[in-house]
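I have placed the structure first, in the form of structure tokens, so that the comments after it can refer back to it.
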Amino acid sequence: RNTGIRSSTGDYVMFLDSDDFLDADAADEMLQNLETAPDLLMGLYQNYYPEEQRFEKEACDAFLQQKGLLPIDRFLELLPADGRACYMIACRFAVRRDFLLRHGLFFKGGIYHEDEEWTQRLLCSVAHIFVSHNYFYQYRQARVGAITSTVKPKHIYDTFAIMEQTTRLIGIQEKGSPKEQYLQQRRAQLFLSSMISVRILSGEEKKEAYRILAQFSPLCQDYLCGSIGNCAKISLKLFGIPATCALLAAARRLVKTDS
């Protein structure tokens, strides 16, 4: 992606992962909005299940409540606090190339969840966003070997690094602003997902993860939301980090068993 940003010669940059594809007609229709010259254009995606030859539209109603050119603060205010279903994958955006270069918006190399880290910086850099309702991106699901299909220790360590970066971004935002609130919510969701995932670590790794989570806990607890987040918030206050991680892991196993 970074090579593409540097090597591209067009006015705008888009990203396409090797296992996904575009709906040509929807993409053409979406890109007509570039005539308004926004720095950032966002479209929608469909999940594609190849074994079933089935397409499923993403389920974020917040995106369907807004359309056209919007102040970024307004856009962020309408996002659900828990971030569920509103996934900020880099491939949903078309970004003006000179904007990327001017703000140094390159991807951090060698990490998982690089979209999470990049889109935070992207959304905190723009003043406006153009929202299109075209389902142009076809996001392949259930692919064997996909990095999103299994959790490894590196996923957790990289998430901690992104949380550190999010904390630095929070520090330069206006207190109480939509951008600051968005970042607080994202950090809290990363904190929650890390507590759920820490079960895969070995004994010594788990102790170190508990130590890091304990540092983030007072920063994140007030921003935990949703049914799982609220349960985690109560458990953290009553039992602490290790017990809450175990509780979340048990709850996840029950959900998988039921499904």
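- Between Ile111 atom CD1 and His155 atom NE2 the span is 11.0 Å, to the nearest 0.5 Å.
- A heavy-atom distance below 4.5 Å is found between the side chains of Leu248 and Leu192.
- The number of heavy-atom neighbours closer than 6.0 Å to CD of Glu35, taken from other residues, nucleotides and ligands shown, is 12 or below.
- Tyr210 and Met163 fall within the same hydrophobic cluster, where Ile, Leu, Val, Met, Phe, Trp and Tyr residues are linked whenever their side-chain heavy atoms come under 4.5 Å apart, directly or through other members.
- The pair Glu56-Arg54 counts as a salt bridge, with a side-chain nitrogen and a carboxylate oxygen less than 4.0 angstrom apart.
- With hydrogens and angles ignored, the 3.5 Å screen pairs a side-chain donor or acceptor of Lys233 with a backbone N or O of Leu224.
- Side-chain atoms of Glu205 come within 3.5 Å of backbone N or O of Ser202 as a donor-acceptor pair.
- Of the possible polar contacts, one joining the Asp115 side chain to the Ala90 backbone as a donor-acceptor pair under 3.5 Å is found.
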Note to self: Let's go through Phe160 and Glu208 carefully: what are the C-alpha distance in whole Å and the side-chain angles of both, what is the deciding distance for side chain to side chain contact (heavy atoms under 4.5 Å, CB included) to 0.1 Å, and is it a yes or a no?
What the structure shows: CA-CA 11 Å; Phe160 290 155; Glu208 176 62 11; over 6 Å; no
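- Each of Ile172, Thr166, Leu123, Leu76 was evaluated against Leu183; a single residue qualifies, Thr166, per the side chain to side chain contact (heavy atoms under 4.5 Å, CB included) test.
- Between Glu180 and Lys175 there is a salt bridge, with a side-chain nitrogen of the basic residue lying less than 4.0 Å from a carboxylate oxygen of the acidic one.
- A distance of 12.5 Å separates CE in Met195 from CD1 in Ile156, rounded to the nearest 0.5 Å.
- A salt bridge links Asp39 and Arg96; the closest N-O separation between the charged side-chain nitrogens and carboxylate oxygens is under 4.0 Å.
- For CG of Asp98, the number of neighbouring non-hydrogen atoms (other residues, nucleotides, ligands) closer than 6.0 Å is greater than 12.
- Tracing side-chain contacts under 4.5 Å through hydrophobic residues (I, L, V, M, F, W, Y), one reaches Leu105 starting from Ile5; they form part of the same cluster.
- Side-chain contact between Pro71 and Arg74 is present, with at least one heavy-atom pair separated by less than 4.5 Å.
- In terms of heavy atoms, Met14 sits closest to Leu31 at SD-CD2, 3.7 Å.
- By the 4.5 Å heavy-atom criterion applied to side chains, Gln185 and Cys220 are not counted as neighbours.
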Next item on the list: Evaluate side chain to side chain contact (heavy atoms under 4.5 Å, CB included) for Phe191 paired with Ser217, printing each intermediate quantity in order.
Entry: CA-CA 8 Å; Phe191 174 75; Ser217 185; 3.8 Å; yes
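- With a 6.0 Å cutoff to the six-membered ring centre and a 45° limit on the axis angle, Arg92 does not count as a cation-pi contact of Tyr137.
- From Thr244, atom OG1 reaches atom CD1 of Ile196 across 11.5 Å, with rounding to the nearest 0.5 Å.
- Closest heavy-atom contact between Ser132 and Leu41: CB-CD1, 4.2 Å.
- For Ser197 (side chain) and Ser194 (main-chain N/O), no donor-acceptor pair under 3.5 Å exists by modelled atom type.
- Although no hydrogens or angles enter the test, the distance criterion places no donor-acceptor pair under 3.5 Å between the side chain of Glu117 and the main chain of His113.
- Annotation for Lys108: atom NZ does not count as buried by contact number, only 12 or fewer foreign heavy atoms lying within 6.0 Å.
- For Tyr182 and Tyr223, the ring centers are positioned 6.0 Å apart or more.
- Linking ILVMFWY side-chain heavy atoms closer than 4.5 Å, directly or via other members, places Tyr139 and Phe55 in two distinct hydrophobic clusters.
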Next item on the list: Would you sort out whether Phe130 and Leu70 count as a side chain to side chain contact (heavy atoms under 4.5 Å, CB included), showing the intermediate values?
Entry: CA-CA 6 Å; Phe130 195 106; Leu70 301 166; over 6 Å; no
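- Leu122 is connected to Phe63 through a chain of hydrophobic side-chain contacts under 4.5 Å among Ile, Leu, Val, Met, Phe, Trp and Tyr, so both are in one cluster.
- Of the possible donor and acceptor atoms, none in the side chain of Asn134 sits under 3.5 Å from a partner among the backbone N and O of Gly43.
- Between Pro153 and Ile200 the shortest heavy-atom distance is N-CD1, 3.6 Å.
- The side chain to side chain donor-acceptor pair (under 3.5 Å) test with Thr167 singles out one residue from Gln215, Gln184, Arg187, and that residue is Arg187.
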Check: What's the verdict on side chain to side chain contact (heavy atoms under 4.5 Å, CB included) for Thr119 and Phe93, showing C-alpha distance, side-chain angles and the deciding distance?
Finding: CA-CA 10 Å; Thr119 54; Phe93 297 110; 3.8 Å; yes
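- A donor-acceptor pair under 3.5 Å is formed between the side chain of Gln138 and the backbone N or O of Phe136.
- Between Phe106 and Leu101 the shortest side-chain heavy-atom distance falls below 4.5 Å.
- Phe107 and Phe15 have perpendicular rings, their planes meeting at more than 60° on a 0 to 90° scale where under 30° would count as parallel.
- The structure places CD of Glu58 at 7.0 Å from SG of Cys86, a figure rounded to the nearest 0.5 Å.
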Next item on the list: Please report the C-alpha distance between Arg168 and Gln165 in whole Å, then the side-chain angles of each, then the deciding distance to 0.1 Å, and finally whether the side-chain hydrogen bond (donor to acceptor under 3.5 Å, both in side chains) criterion is met.
Entry: CA-CA 5 Å; Arg168 289 190 288 271; Gln165 169 66 18; 3.1 Å; yes
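- Listed for the Asp17 side chain is no donor-acceptor partner under 3.5 Å among the backbone atoms of Asp20.
- When side chains are defined from C-beta on, Val95 does not count as touching Tyr12, because their heavy atoms never get closer than 4.5 Å.
- The residue from Ile212, Ile162, Leu201 that alone fulfils the side chain to side chain contact (heavy atoms under 4.5 Å, CB included) condition with Tyr157 is Leu201.
- Electrostatic pairing of Lys152 and Asp158 does not count as a salt bridge here, judged by no charged N lying under 4.0 Å from a carboxylate O.
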Next item on the list: Evaluate side-chain hydrogen bond (donor to acceptor under 3.5 Å, both in side chains) for Gln120 paired with Glu116, printing each intermediate quantity in order.
Entry: CA-CA 6 Å; Gln120 288 183 18; Glu116 173 75 45; 2.8 Å; yes
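- Gln221 is listed as a side-chain neighbour of Lys237, based on a closest heavy-atom distance under 4.5 Å.
- A distance-only check finds a donor-acceptor pair linking the side chain of Arg97 to the backbone of Arg6 [under 3.5 Å].
- If you take CG on Leu44 and NZ on Lys57, they are separated by 9.0 Å, rounding to the nearest 0.5 Å.
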Next item on the list: Test side-chain hydrogen bond (donor to acceptor under 3.5 Å, both in side chains) on Ser177 and Gln173 and set out the steps.
Entry: CA-CA 7 Å; Ser177 67; Gln173 307 304 318; 5.0 Å; no
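- When the shell of 6.0 Å around CZ of Arg102 is examined, it contains more than 12 heavy atoms from other residues, nucleotides or ligands.
- Residues Leu69 and Pro38 form a side-chain contact, since some pair of their non-hydrogen atoms from C-beta on lies under 4.5 Å apart.
- Under a hydrophobic clustering in which Ile, Leu, Val, Met, Phe, Trp and Tyr are joined whenever their side-chain heavy atoms come within less than 4.5 Å, directly or via other members, Phe99 and Leu40 fall into the same cluster.
- Environment of CD in Gln53: crowded, with over 12 heavy atoms of neighbouring residues, nucleotides or ligands closer than 6.0 Å.
- Residue-environment remark: CD (Glu29) stays at or below the threshold of 12 foreign heavy atoms within 6.0 Å.
- By the 6.0 Å and 45° rule, Arg140 does not stack over the aromatic ring of Tyr48.
- For Ser7 (side chain) and Gly4 (main-chain N/O), no donor-acceptor pair under 3.5 Å exists by modelled atom type.
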